[in-house]
Amino acid sequence: MNKKLVMSALTSAVLMAMGTAQAAPAKVDNIADAITQGTTKVDLNLRYEGVQQDNASKDADALTLRTRLTLATAQYNGLSALVEFEDSRNVAGVNDYNDTNGNNPDYSVIADPNTTELDQAFLQYQRSGFKARVGRQMIALGNQRFVGHVGWRQDRQTFDGLTMQYAFNDAFEVDYGYLTKRNRIFAEAKDVDAKDHIFNASYKLGFGKVTGYGYLLEEDKAEKNGIDTYGINFEGSTKVADAKILYKAEYASQESTSAAAKYDADYLALEAGAGIMGYTVKAGYEKLGSDDGMYGFSTPLATLHKFNGWSDQFLGTPKEGLVDIYASVGGSLMSAKWTLAYHKFDADKASATVDDLGSEIDASVVMPINKNYLVGVKYAKYSAGDSTAGKVDTDKVWLWANAKF
């Protein structure tokens with residue numbers, strides 16, 4: 001890795017953008033004003049990623065720049081529109097990596113292919129507590145464990161379809177979406193036609209929020225397939241003396257059906273934490289269950305990078321399932337925010353050959369320079385468990401700079 005090149009590029013990204021973020025436009029009285037009084041935003045993300053794995057793959061290095069241009073109209077009689085373009089490019093010739101699209105297959109994977117895409121394009125209607133969008137759009141439900149935008153990757157995930165949301169009051173809200181395409185993070189070649197229904201209803205209490213959901217997912221292809229998930233989540237916080245106590249509990253059941261077989265699995269997540277004196281400490285247990293070692297609980301629309309370690313070892317759940325016992329601590333140092341986390345991974349249904357799925361240490365520091373710019377560094381170190389589990393020791397490092405205007 002050419003450290004001087006990387007640091008020079010990161011410094012350049014901080015200096016490239018000029019101007020200030022625009023405020024949201026007010027409602028207008030005619031269509032012409034809706035267009036002329038709209039907003040234009042640019043988001044630049046320059047990132048270096050390095051990957052080392054204890055296998056035959058060559059060490060990977062990528063320096064990529066993601067540029068996102070967003071054009072949004074003002075609101076006229078409840079109607080508005082948004083169009084967004086996204087481009088991800090290698091820069092400075094740092095491109096020794098497997099981009100998942102057939103380039104450099106002898107290198108480790110970094111899932112940031114070169115691509116230019118229509119990221120979002122939707123028409124929105126909003127009035128009182130009702131909002132509806134039709135077209136290509138970003139969707140992030142709850143903590144994104146089941147439906148998210150995978151915003152960590154340079155080519156983020158969006159969806160084609162219709163979504164509707166109604167807030168009965170400040171406490172009770174329902175959401176529904178019918179999705180016809182999953183625009184995934186690997187460029188257009190690996191997008192998936194779908195017939196997905198997503199339901200979500202939440203109610204806020206004084207000490208937390210209860211959410212019930214149903215995600216009925218099906219790829220639009222000839223052979224029978226489907227993943228139906230129903231669950232309930234409760235999470236919240238309360239003050240005790242000078243401490244903020246955090247808590248979460250979630251359970252879901254899943255049925256997966258194909259032409260060849262039918263499987264059932266469950267999901268369980270428990271988390272507790274406390275925020276005190278500027279520090280936040282958490283500990284948790286997450287189980288993606290297994291159906292007798294033949295099928296692992298799946299969340300194909302999730303922002304998977306947020307869960308089970310940043311090295312992305314478990315983007316697909318092993319057929320033996322996954323149990324993740326974790327702890328984290330975070331805080332602030334001057335303007336920078338830092339996080340340190342540890343994960344211990346085991347199989348939910350251990351077999352004679354697969355039980356220990358390894359462990360991981362994650363660390364990050366993110367420092368805003370002002371409201372428009374930030375820089376960050378992140379590191380993940382995965383240590384493999386049973387060799388028969390198909391995992392290897394992996395180290396990943398990221399350095400990035402982001403500018404918005």
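What you see is a predicted model; the values in this text were computed from it and never measured.
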Does NZ or CZ of [X] come closer than 6.0 Å to the centre of the six-membered ring of [Y], within 45° of the ring's axis?
X    : Y    : result
R66  : W400 : no
K378 : W152 : yes
R145 : F307 : yes
K262 : Y295 : no

From CA spacing to verdict: side chain to side chain donor-acceptor pair (under 3.5 Å), Y97, E49:
CA-CA 10 Å; Y97 67 100; E49 181 170 347; over 6 Å; no

What verdict does the side chain to side chain donor-acceptor pair (under 3.5 Å) test give for N45 and Q154, after you've listed the backbone C-alpha separation in whole Å, the side-chain angles of each residue and the deciding distance to 0.1 Å?
CA-CA 8 Å; N45 196 67; Q154 300 286 53; 3.1 Å; yes

If we count only N and O atoms by modelled type, under 3.5 Å, do the side chains of [X] and [Y] hold a donor and an acceptor together?
X    : Y    : answer
Y379 : D395 : yes
E320 : S290 : no
Q53  : S108 : yes
Q254 : S298 : no
T115 : R89  : no
Q120 : R136 : no
N402 : D43  : yes
D160 : N183 : yes
Q165 : D175 : yes
N90  : N114 : yes
N308 : H343 : no

What I'd like to find out is whether the side chain of [X] reaches to under 4.5 Å of the side chain of [Y], using heavy atoms alone.
X    : Y    : answer
F314 : F345 : yes
V210 : L205 : yes
R182 : E219 : yes
M367 : L333 : no
E188 : E117 : yes
Q144 : H149 : yes
I369 : L374 : no
N77  : L79  : no

Of all heavy-atom pairs between [X] and [Y], which one has the smallest distance, and what is that distance?
X    : Y    : value
E218 : N225 : CG-O, 3.2 Å
I245 : A274 : CD1-CB, 4.1 Å
S359 : Y382 : O-CD1, 3.3 Å
D348 : G289 : OD2-CA, 3.4 Å
D355 : D386 : N-OD2, 2.8 Å
D264 : D291 : N-OD2, 2.9 Å

Does [atom1] in [X] sit with more than 12 non-hydrogen atoms of other residues, nucleotides or ligands closer than 6.0 Å?
X    : atom1 : value
D106 : CG    : yes
K349 : NZ    : no
K224 : NZ    : no
I31  : CD1   : no
Y178 : OH    : yes

On the 0 to 90° scale, with breaks at 30° and 60°, tag the Y279-W338 ring pair as parallel, tilted or perpendicular.
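Correct class here is perpendicular.
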
So how far is it from [X] [atom1] to [Y] [atom2], rounded to the nearest 0.5 Å?
X    : Y    : atom1 : atom2 : answer
E173 : K131 : CD    : NZ    : 8.0 Å
T317 : L288 : OG1   : CG    : 4.5 Å
D54  : T394 : CG    : OG1   : 8.5 Å
K282 : K248 : NZ    : NZ    : 9.0 Å
E286 : L268 : CD    : CG    : 9.0 Å
D112 : N95  : CG    : CG    : 12.5 Å

Hey, is the main chain of [Y] close enough, under 3.5 Å, to the side chain of [X] for a donor-acceptor pair?
X    : Y    : value
Q137 : G161 : yes
N200 : Y176 : no
S351 : V354 : yes
K244 : S237 : no

May I ask you to check whether [X] and [Y] place their ring centers less than 6.0 Å from one another?
X    : Y    : result
Y267 : Y230 : no
Y213 : F199 : no
F168 : Y166 : yes

S253 and D266: side chain to side chain donor-acceptor pair (under 3.5 Å), yes or no, with the steps?
CA-CA 4 Å; S253 62; D266 62 355; over 6 Å; no

Audit row: T64, Y48, side-chain contact (heavy atoms from CB on, under 4.5 Å) steps and yes/no
CA-CA 7 Å; T64 55; Y48 168 79; over 6 Å; no

Given salt bridge (Lys or Arg N to Asp or Glu O under 4.0 Å), test R68 with E86 step by step and report yes or no.
CA-CA 4 Å; R68 187 178 295 144; E86 187 176 68; 2.7 Å; yes

Verify side chain to side chain donor-acceptor pair (under 3.5 Å) between Y215 and D228, making sure each step is shown before the conclusion.
CA-CA 6 Å; Y215 305 124; D228 296 345; over 6 Å; no

Just do the salt bridge (Lys or Arg N to Asp or Glu O under 4.0 Å) check on K344 and D324 with the steps written out, would you?
CA-CA 6 Å; K344 178 66 180 76; D324 179 4; over 6 Å; no

What verdict does the salt bridge (Lys or Arg N to Asp or Glu O under 4.0 Å) test give for D191 and R184, after you've listed the backbone C-alpha separation in whole Å, the side-chain angles of each residue and the deciding distance to 0.1 Å?
CA-CA 5 Å; D191 291 347; R184 304 173 71 212; over 6 Å; no

Show your reasoning for whether side-chain contact (heavy atoms from CB on, under 4.5 Å) applies to L357 and L322.
CA-CA 8 Å; L357 296 179; L322 175 67; 3.7 Å; yes

